[in-house]
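Worksheet: the structure to be examined is printed underneath.
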Amino acid sequence: MGLVILYGVLTFLQLCHWYLEDPSEVTVVLPSGVVPRLIGGVFPPPMPPTERYISNITLAAGRKPGDIILKSCVVQEEVSAPRMFPRIGNARVWQVTYKVDVVGPDGRNTIYIDRSAVVLVP
């Protein structure tokens, strides 16, 4: 019983990392119960990146501070066919691309941000 609760807590934390945090260099591995809505499941794509994340990206690209997000939307959502991954097993890659329009002292700019996760296949 304790092992089942531990598995449930770990699953919840992985989902929170994927849905609530900003994109990172770490690929999130989601359990097999997570089926994207795109292929008939109930899970929608994660939230768009936060204003703080966008600000950090634009500053790193050499833009002046003060950018404001005008619009953020999902441009592409793709779920690959199951395949074998070393150390993980059979899984699908779930990739979501966001288009973020910003305006600031340097003018208008469009930024594309990818978020990826690996969803285990039972």
Side-chain angles (χ1 to χ4, degrees):
M1 180 65 177
L3 192 58
V4 171
I5 292 172
L6 178 63
Y7 181 75
V9 168
L10 290 175
T11 300
F12 178 74
L13 291 175
Q14 287 174 329
L15 285 173
C16 286
H17 178 72
W18 168 245
Y19 278 99
L20 301 177
E21 292 186 11
D22 286 321
S24 66
E25 298 298 320
V26 178
T27 300
V28 178
V29 179
L30 300 174
S32 59
V34 176
V35 180
R37 188 168 42 197
L38 183 68
I39 58 171
V42 296
F43 288 92
M47 300 293 291
T50 62
E51 191 171 328
R52 181 189 61 180
Y53 181 79
I54 299 298
S55 176
N56 290 340
I57 285 178
T58 57
L59 289 175
R63 288 180 60 91
K64 295 177 184 169
D67 285 330
I68 299 170
I69 297 175
L70 295 177
K71 182 175 76 169
S72 177
C73 63
V74 174
V75 175
Q76 180 181 4
E77 181 180 4
E78 185 178 302
V79 179
S80 69
R83 63 181 176 137
M84 184 61 144
F85 287 90
R87 300 184 190 157
I88 295 176
N90 286 333
R92 300 174 184 263
V93 175
W94 184 10
Q95 184 169 358
V96 180
T97 304
Y98 287 96
K99 176 183 173 185
V100 182
D101 292 325
V102 296
V103 66
D106 293 334
R108 189 178 175 124
N109 196 9
T110 301
I111 302 168
Y112 291 91
I113 299 171
D114 290 329
R115 297 189 76 168
S116 298
V118 175
V119 182
L120 298 176
V121 176

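Computed from a predicted model, the values in this text were never measured in an experiment. Residues: numbered from 1 along the sequence shown.
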TODO: Would you please test Glu77 and Trp94 for side-chain hydrogen bond (donor to acceptor under 3.5 Å, both in side chains) and show each step?
DONE: CA-CA 8 Å; Glu77 181 180 4; Trp94 184 10; 3.0 Å; yes

TODO: Verify side-chain contact (heavy atoms from CB on, under 4.5 Å) between Val74 and Val96, making sure each step is shown before the conclusion.
DONE: CA-CA 7 Å; Val74 174; Val96 180; 4.0 Å; yes

- [ ] Before giving the answer on side-chain contact (heavy atoms from CB on, under 4.5 Å), spell out for Asn56 and Tyr53 the whole-Å C-alpha distance, their side-chain angles and the decisive distance to 0.1 Å.
- [x] CA-CA 5 Å; Asn56 290 340; Tyr53 181 79; 5.7 Å; no

Open item on the list: Evaluate Leu120 against Ile88 for side-chain contact (heavy atoms from CB on, under 4.5 Å), listing each step before the verdict.
Closed with: CA-CA 8 Å; Leu120 298 176; Ile88 295 176; 3.1 Å; yes

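When all heavy atoms are compared, the tightest approach of Ala91 to Val121 is CA-CG2, 3.7 Å. Of all heavy-atom pairs between Val100 and Ser72, the closest is CG2-OG, 3.8 Å. Here the shortest heavy-atom pairing between Thr97 and Asp114 reads OG1-OD1, 2.7 Å. In this structure, Asn90 and Met84 approach most closely via the heavy-atom pair OD1-SD, 3.6 Å. Contact record, Val75 with Tyr112: CG2-CE2, 4.2 Å, taken as the closest heavy-atom pair.
From Arg83, atom CZ reaches atom CZ of Arg92 across 12.0 Å, with rounding to the nearest 0.5 Å. Rounding to the nearest 0.5 Å gives a distance of 12.0 Å between CZ of Arg115 and CD of Gln95. Atom CD1 of Ile69 is separated from atom OG of Ser55 by 9.0 Å, given to the nearest 0.5 angstrom. Here the OH atom belonging to Tyr98 is positioned 12.5 Å from the CD atom belonging to Gln76, to the nearest 0.5 angstrom.
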Tell me which donor-acceptor pairs under 3.5 Å the side chains of residues 101-111 have, and how far apart each pair is, sequence neighbours excluded?
residue: Asp101; atom: OD1; partner: Thr110; partner atom: OG1; Å: 2.9
residue: Asp106; atom: OD2; partner: Lys64; partner atom: N; Å: 2.7

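By the criterion of side-chain heavy atoms lying less than 4.5 angstrom apart, applied directly or through intervening Ile, Leu, Val, Met, Phe, Trp or Tyr residues, Leu59 is not grouped with Ile68; the two fall into different hydrophobic clusters.
Considering only heavy atoms from C-beta on, Ile57 comes within 4.5 Å of Ile113 through its side chain.
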